[in-house]
Amino acid sequence: MSPNRYPARVDVAIVGSGPTASAYARILSEEAPGATISMFEVGPTVSNPPGAHVRNIGDPERRSLAQRASEGPGAVVETVNSPGAVKSGERRARAGTYLLPEGYAFPGEDGMPVAAMSSNVGGMAAHWTAACPRPGGKERIPFLPDLERLLDEAGRLLGVTTHAFDGAPFSDLVIKRLSAAADEGRDPAFRVQPMPLAVHRREDGGLIWSGSDVVIGDVTRENPQFELFDESLATRVLVEDGIAAGIEVQDRRNGETHRVAARYVVVGGDALRTPQLLWASGIRPDALGRYLNDQAQVVFASRLRDVEPANAPAAADGALSEQSGVAWVPYTDETPFHGQIMQLDASPVPVADDDPIMPGSIVGLGLFCAKDLQREDRVAFDDDARDSYGMPAMRIHYRLTDRDKEGLERAKKEIVRLGKAVGEPLDERPFVMPPGASLHYQGTTRMGETDDGESVCSPDSQVWQVPGLFVAGNGVIPTPTACNPTLTAVALAVRGARKITEELIRALLMSESDNRMSK
Ligand code: FAD
């Protein structure tokens, strides 16, 4: 038997190492520095510092190895670097992610053919685009009076800025053209603007994308009470007398299973695997896995017209641009799409040989739609079948409603209109991505104001039936959102972490007072 690398007992056991799990570690390290915290991540460490965005890895070969190492043991299809690179009818994962090999669609349903996950320290945030818009209108959670402050905190943890591409040569032009087409009737806060992004520039001018390493921050890395264990699969949440008591964890380096006792357990395993772990632990509230929603996505590409060659170098990777920046057309209840417009490195359709593409002049437009929520849309789990990690296999039941289809038709018209406003369309037909392509899955461990059977957790993210058990991630978001969800999910994690902090501090004060009394 190999030595057990895990502690016997901690104050807080955190499952997963994506940005939401990391937000718990960060807030606890800042506000409850005496607390012992262990983080368990099933995937390997693929970047340095652990959790860093792989795009910050300069060497393309090492970057590609890091992406492949994040794609789990069950990867079944080839990967592509941008949503626009997917062709009609293809099932492709984005680099650094992997798809479900089966159970993603059932007869008569739309299913979610490209539902994806990442298994690595840092989770999907080692591969993301880092867009961090705030929700607006009906996207916002109506029963959280402190949402704005929490979003501010999330912005602090993720290192969000709207100035990353100040000075990008085509950025103002793209925003000006989009504004002329979209701003009429919008409140100033919802007009076209630079996308808030979790990126910063190094002193030498190079771009650094925030990953979970930025959320974790030095305060956590230097916290002697914090430990991160990679290649460690949480297989069960332990519950004693109805209260969270720790986790069972399988060391993937040797296959051995151990128990780690904990006063609090936080499960931040993404919107598909968090409900999976609860299910595997026998924690099966009726709302678990339900209200699953993905943001239907329409994409389009245009070539900026009337532009002079820009001097800035082409970006190393297609997702973010040094020339055209990233523009944001915010969601409003009247125009319920979240718009993201950014440079593509190459034209998604062939162009004539005698028509060279000016770097930065091809922009991709994406509109995300909010789902018409349905209870029956769900990730369910099969107790008789196992996934590649040996956990209960996922079965996704998912349908687009008539309202969703109408929304998509409207989004298609809108994207053509916006695409024509910025330049010449490369193809007049917008492309609707297959369900799951947004990589923004929500609702499966949704938050509720009360325990009314339609939610899994409280406004503090604590599972209604199991005190001491918290859930983190996009699955906690109860509203249908169109905007990228990570900022919101991190904001909700901040609230949950503060709840744990408060209880830990209260328990500490009580035990000090008991000690004084007994002297
Ligand atoms: P994740 O980041 O998915 O992390 C969950 C982690 O938990 C994983 O590492 C997983 O291996 C681990 N885990 C799961 N189960 C277990 C278990 N049982 N035991 C141990 N570990 C476990 N979002 C945005 O908001 N803006 C964007 O611009 C954006 N762009 C994206 C672009 C790409 C290409 C991708 C891939 C994603 C993008 N996203 C974007 C999505 C964003 O990355 C996710 O919303 C975010 O990472 C979710 O954070 P999380 O902490 O909930 O989960």
Side-chain angles (χ1 to χ4, degrees), residues 13-24 39-46 51 53-55 67 70-72 79-83 93-98 116-133 154 158 160 195-199 209-212 215 229-237 247-250 252 266-278 280-281 295 317-320 326 328 338 340 342 366 368 387 389-391 437-442 445 471-477 481 483-490 492-493:
I14 303 177
V15 177
S17 63
T20 62
S22 302
Y24 273 85
M39 178 178 264
F40 303 88
E41 165 57 53
V42 65
T45 302
V46 300
H53 203 300
V54 302
R55 237 184 255 148
Q67 286 169 331
S70 306
E71 291 164 10
T79 59
V80 290
N81 271 322
S82 77
R94 299 282 294 278
T97 72
Y98 63 99
M117 293 163 279
S118 294
S119 284
N120 54 276
V121 172
M124 270 196 182
H127 313 281
W128 71 327
T129 309
C132 286
L158 285 157
V160 177
M195 179 70 80
L197 293 166
V199 298
W209 280 266
S210 296
S212 294
V215 179
F229 299 97
D230 64 1
E231 300 180 68
S232 299
L233 172 72
T235 48
R236 267 173 84 80
V237 174
I247 61 167
E248 186 181 83
V249 55
Q250 184 197 78
R252 303 242 330 140
V266 179
V267 183
D270 78 38
L272 300 174
R273 284 178 287 178
T274 291
Q276 180 188 51
L277 180 56
L278 267 57
S281 312
Q295 302 163 342
D317 185 306
L320 287 186
V326 183
W328 175 28
H338 161 76
Q340 200 164 301
M342 55 203 193
F368 294 83
D387 70 8
Y389 288 111
M391 298 292 279
S438 73
L439 305 161
H440 303 157
Y441 319 125
Q442 301 163 106
T445 52
V471 279
N474 301 332
V476 178
I477 299 172
T481 71
C483 75
N484 323 62
T486 309
L487 183 81
T488 304
V490 168
L492 303 182

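Whatever order the structure lists ligands and atoms in, that order sets their numbers, starting from 1. Treat the numbers as computed from the prediction; the structure is a model and nothing was measured.
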Number the atoms of ligand 1 from 1 as they appear, then name those within less than 4.0 Å of a heavy atom of Thr20, with their elements.
-> 50 (P), 51 (O), 52 (O)

Under 3.5 Å donor-acceptor, Ser281 side chain and Val237 backbone = yes

Closest protein heavy atom (residue, atom, distance) for atom 22 (C) of ligand 1 = Val42 CG1, 3.7 Å

If you measure from each heavy atom of Ser232 to ligand 1, is any distance below 4.0 Å?
-> yes

Of the protein's non-hydrogen atoms, which lies at the shortest distance from atom 16 (C) of ligand 1, and what is that distance?
-> Val15 CG1, 4.0 Å

With heavy atoms under 4.0 Å as the rule, classify the contact between Phe40 and ligand 1 as side chain, backbone, both or neither.
-> backbone

N or O pair under 3.5 Å between Ala130 and ligand 1 = yes

What is the nearest protein non-hydrogen atom to atom 38 (C) of ligand 1, stated with its residue, atom name and distance?
-> Trp128 CB, 3.4 Å

Look only at interatomic distance and state if Gln340 has a nitrogen or oxygen under 3.5 Å from any nitrogen or oxygen of ligand 1.
-> no

Only heavy atoms count here, so choose which of Met124, Glu231, Met117, Gln442 is nearest to atom 2 (O) of ligand 1.
-> Met124

Student check: side-chain heavy atoms of Gln295 and His338 closer than 4.5 Å | no

At under 4.0 Å between heavy atoms, which part of Asn120 makes contact with ligand 1: side chain, backbone, both or neither?
-> backbone

Can you check whether Asp270 reaches Met124 side chain to side chain, under 4.5 Å on heavy atoms?
-> no

Purely on distance, is any nitrogen or oxygen of Met391 under 3.5 Å from one on ligand 1?
-> no

Please indicate whether any nitrogen or oxygen in His127 is less than 3.5 Å from any nitrogen or oxygen in ligand 1.
-> no

What protein heavy atom is closest to atom 19 (N) of ligand 1, reported as residue, atom name and distance in Å?
-> Ala234 N, 3.0 Å

for atom 3 (O) of ligand 1, nearest protein heavy atom and its distance come out as Asp270 CB, 3.4 Å

Counting heavy atoms under 4.0 Å, the part of Arg94 that contacts ligand 1 is side chain

What is the nearest protein non-hydrogen atom to atom 14 (C) of ligand 1, stated with its residue, atom name and distance?
-> Gly269 O, 3.2 Å

What atoms of ligand 1 come within less than 4.0 Å of a heavy atom belonging to Ser119?
-> 11 (O)

Output yes when a side-chain donor or acceptor of Ser212 lies under 3.5 Å from a complementary backbone atom of Ser17, and no otherwise.
-> yes

Between Thr97 and ligand 1, which part of the residue brings a heavy atom under 4.0 Å of the ligand: side chain, backbone, both or neither?
-> side chain

Counting each atom of ligand 1 from 1 as listed, which ones have a heavy atom of Asn484 under 4.0 Å away?
-> 24 (C), 25 (O), 26 (N), 27 (C), 28 (O)

Any idea which part of Gln276 is under 4.0 Å from ligand 1, heavy-atom wise: side chain, backbone, both or neither?
-> neither

re atom 24 (C) of ligand 1, the protein heavy-atom contact at minimum distance is Thr486 OG1, 3.1 Å

Against heavy atoms of Arg273, which atoms of ligand 1 measure under 4.0 Å?
-> 8 (C), 10 (C), 11 (O), 14 (C), 15 (N)

Considering heavy atoms of the protein only, find what lies nearest to atom 28 (O) of ligand 1 and give residue, atom and distance to 0.1 Å.
-> Ala131 N, 2.9 Å

Using a strict 4.0 Å cut-off to heavy atoms of Pro485, name the atoms of ligand 1 that fall inside it.
-> 25 (O)

Proximity flag Ala489 to ligand 1, non-hydrogen atoms under 4.0 Å = no

Interfacing atoms of ligand 1 (cut-off 4.0 Å, heavy-atom, Gly473) | 52 (O)

Could you check which of Cys483, Gly268, Gly16 puts a non-hydrogen atom nearest to atom 5 (C) of ligand 1?
-> Gly268

